[in-house]
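Worksheet: the structure to be examined is printed underneath.
Along the sequence shown, residues carry numbers from 1. Treat the numbers as computed from the prediction; the structure is a model and nothing was measured.
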Amino acid sequence: MPSMQKKDEALDAVPRSVKLFIAYSYKDEPLFEKLKNHLIPLELAGIIDFWYNRKIEGAEDWGQCISENLETADIFLFLNSSDFLASRYVNGAEVKRALERHHAGEAEILPVILRKCSWEYTPYSNLQWLPANMEPYASKKWDSEDDYFYVIVQGLTGVINKKKSKPATLPNEPQGLPLDVQFFDKLIANNFVYVDKTAFIAKLINSKLTYFFLSRPRRFGKSLLVSTMKEVFSGHKELFKNLEIYDAIDWQTYPVIHFDFSAIGASQSYSLEKALAKEVDKITREFNLPVPEGPSSTKFRYLIENLSKREKKPVVILIDEYDKPIIDHVINDAQREINRSQLQDFFSILKGSGAYMRFLFITGVSRFAQVSIFSALNNLIDLTFDPDYAALTGYTEDELVEHFSGYIHRFAEKKNYRFDDLMVIIRKWYNGYSWDGRTKVYNPFSILRLLSSFEFRDHWFSTGTPTFLFKLIKEQKIPIQELDNIRVNKSMLENMEVSRLAFIPLLFQTGYLTVIEKIEMDIENTEFILNYPNRDVRYSFLNYLSNIKEDY
């Protein structure tokens, strides 16, 4: 009996109803009341719990009540008419916030064409509308008003059923948190939680293209992503059962050359060139090939060509944290330039080796100008700002709830909080990273530390005090109080020179600022609004500065 009771309690902890936020013009209230009557059976069945402004009691704070419901809604139902489009909803903060949550995967917007109106000029015109035929309530194509509202409710329930088709994660989740696991095979073998990013990898593979680059801040899942790619290209299909990629690609085995620059031991007494040559020699021996003489670039070219010829297959090259030799010496101009030059020579052979390569993937914290490091790789496809890959690393809100709700429920129980209320706090602390101004993700390191410690603190910031940033603040006399809502051209973030480090792009690339809005000026120019991603970064960064203020 005790075990049965525990199971029932766990099931009760999982939210059973979908929260619906309905926005409409008060001039459309008669039509809203008709729709509400069609929704009440769903509410009585526990399928939905809907909210609208009329539910606000006289003594309640109007703004706070709307804000709270905006943050906890699962679906936004906007009832569009000429009066609604002329109201503050479409032009105000409510719709803007709903769109942010929609694009971040935290909620969904379902626009309804209630009365004939200029819907194509709404900020959500590109979404799927109800009804699908775009015929408003008064259209002669409806046999009756019940037909219209029935179709609206059917469209809504279709979205709800899709949401609920995802398996619920119960509080007694057996999977462990991968706190220090960066190897995919180890993660799967030990039944750690894995947030499935393999659909993105399948898309890259199926594109048949070769040269890819991704920039993301430290501790953002880059190494696990590279390790996952390594297992895919090594043909270890059995590791990917029940993951998106399992049936999505033509599984083949390729020889994989993997460089982890965080493990390449260069120092002042042991040059980067020597460290690179030593690493290439080690990999060459692992493939049972003879080790040639010459500089590291010659050894690298030899490895690629001879491994491909021997295996009669093109090779896959995975390079993780390519820019570590630059970042480690970011305030040492002489050593930084030496390392930049040696990296440029090393990578210069990649384009000429294209005939022997199936796939190249390079990750790093920084995205330096093309001429700085990858001068020969003018066909390198940069995924950093690509909206299709905005969630390639990090956790979206849906992923967080799907994979970690068991831990969040335990956290909520321990702190005597409601699940939804705790999620609001987690969101403020750790969500907000974006590279397209729409899709928002949580820092995975911070989430794993939070759910293992049940403690809100600066988990990400505290793992690496950016002393070089504070040195630049001092040298360039940066007004740190003006780092909110900075407007920059996209090219400024993409083309930072190693020899002339600009402070704002460096803050962005290292994760202290993120994109909160993307503005397409015209077909040639894109601008971004940058700000701190979340409370973890904002308060920790400013607090650290205040503690060392006397140094300025």
Describe, in one word, how the ring planes of Phe359 and Phe361 are oriented to each other, choosing from parallel (under 30°), tilted (30 to 60°) and perpendicular (over 60°). parallel
From Glu100 atom CD to Arg438 atom CZ, the distance as rounded to the nearest 0.5 Å: 11.5 Å
Under a 3.5 Å distance rule, please check whether Lys197 uses its side chain to pair with a backbone N or O of Gly394 as donor and acceptor. yes
For Phe456 and Tyr430, take the angle between the two ring planes, folded into 0 to 90°, and tell me which bin it lands in: parallel under 30, tilted 30 to 60, perpendicular over 60. parallel
Phe461 vs Phe541 aromatic rings, parallel, tilted or perpendicular, using cut-offs 30° and 60°? perpendicular
When the ring planes of Trp435 and Phe220 are compared, do they come out parallel, tilted or perpendicular, using 30° and 60° as the limits? perpendicular
side-chain hydrogen bond (donor to acceptor under 3.5 Å, both in side chains) assessment of Glu244 paired with Thr198: CA-CA 6 Å; Glu244 290 282 347; Thr198 61; over 6 Å; no
Can you tell me which residue among Asp320, Ile362, Val280, Leu318 is in a side chain to side chain contact (heavy atoms under 4.5 Å, CB included) with Phe259? Val280
Check whether any side-chain heavy atom of Leu530 sits under 4.5 Å from a side-chain heavy atom of Val515, and report yes or no. yes
Looking at Phe445, does the NZ or CZ of Arg219 lie under 6.0 angstrom from its six-membered ring centre and within 45 degrees of the ring axis? yes
Decide if atom OH of Tyr417 counts as having more than 12 heavy atoms of other residues, nucleotides or ligands within a radius under 6.0 Å. no
Between the main-chain N or O of Leu272 and the side-chain N or O of Asn339, is there a donor-acceptor pair closer than 3.5 Å? no
Consider ring-ring contact (aromatic ring centres under 6.0 Å, His included). Of Phe347, Tyr356, Phe346, which one does Phe300 pass it with? Phe346
Please report the interatomic distance NE2(His102) to OH(Tyr124), rounded to the nearest 0.5 Å. 12.5 Å
To the nearest 0.5 angstrom, please state how far the CD1 atom of Ile257 sits from the CD atom of Glu279. 11.5 Å
Considering residues, nucleotides and ligands other than Phe454, do more than 12 of their heavy atoms fall under 6.0 Å from its CZ? yes
Aromatic Phe183 / basic Lys230 pairing, under 6.0 angstrom, 45° off normal: no
Donor-acceptor under 3.5 Å (Ser452 side chain, Arg449 main chain): yes
Could you give the distance from CG (Asp436) to OG1 (Thr384), rounded to the nearest 0.5 Å? 12.0 Å
Run the side-chain contact (heavy atoms from CB on, under 4.5 Å) check on Phe212 and Leu383 step by step: do they pass? CA-CA 7 Å; Phe212 296 100; Leu383 304 177; 4.1 Å; yes
Report the relative orientation of the aromatic rings in Tyr322 and Phe213; use parallel for angles under 30°, tilted for 30 to 60°, perpendicular for over 60°. perpendicular
Determine whether a donor-acceptor pair (N or O, by modelled atom type, separation under 3.5 Å) exists between the side chain of Lys518 and the backbone of Thr526. no
Quick one: pull up CD1 in Ile504 and CZ in Arg487 and give me the separation to the nearest 0.5 Å. 15.5 Å
In terms of side-chain geometry, is the basic nitrogen of Asp421 or Lys415 positioned less than 4.0 Å from the acidic oxygen of its partner? no
Should the pair Tyr389 and Phe200 be assigned to parallel (<30°), tilted (30 to 60°) or perpendicular (>60°) ring geometry? tilted
Closer than 4.0 angstrom, basic N to acidic O: yes or no for Arg97 and Glu71? yes
When rounded to the nearest 0.5 angstrom, what distance separates OG in Ser446 from CG in Asn431? 11.0 Å
Report the C-alpha separation of Ser366 and Asp323 in whole Å, then their side-chain angles, then the decisive distance to 0.1 Å, and conclude whether the side-chain hydrogen bond (donor to acceptor under 3.5 Å, both in side chains) test is met. CA-CA 7 Å; Ser366 304; Asp323 55 344; 3.3 Å; yes
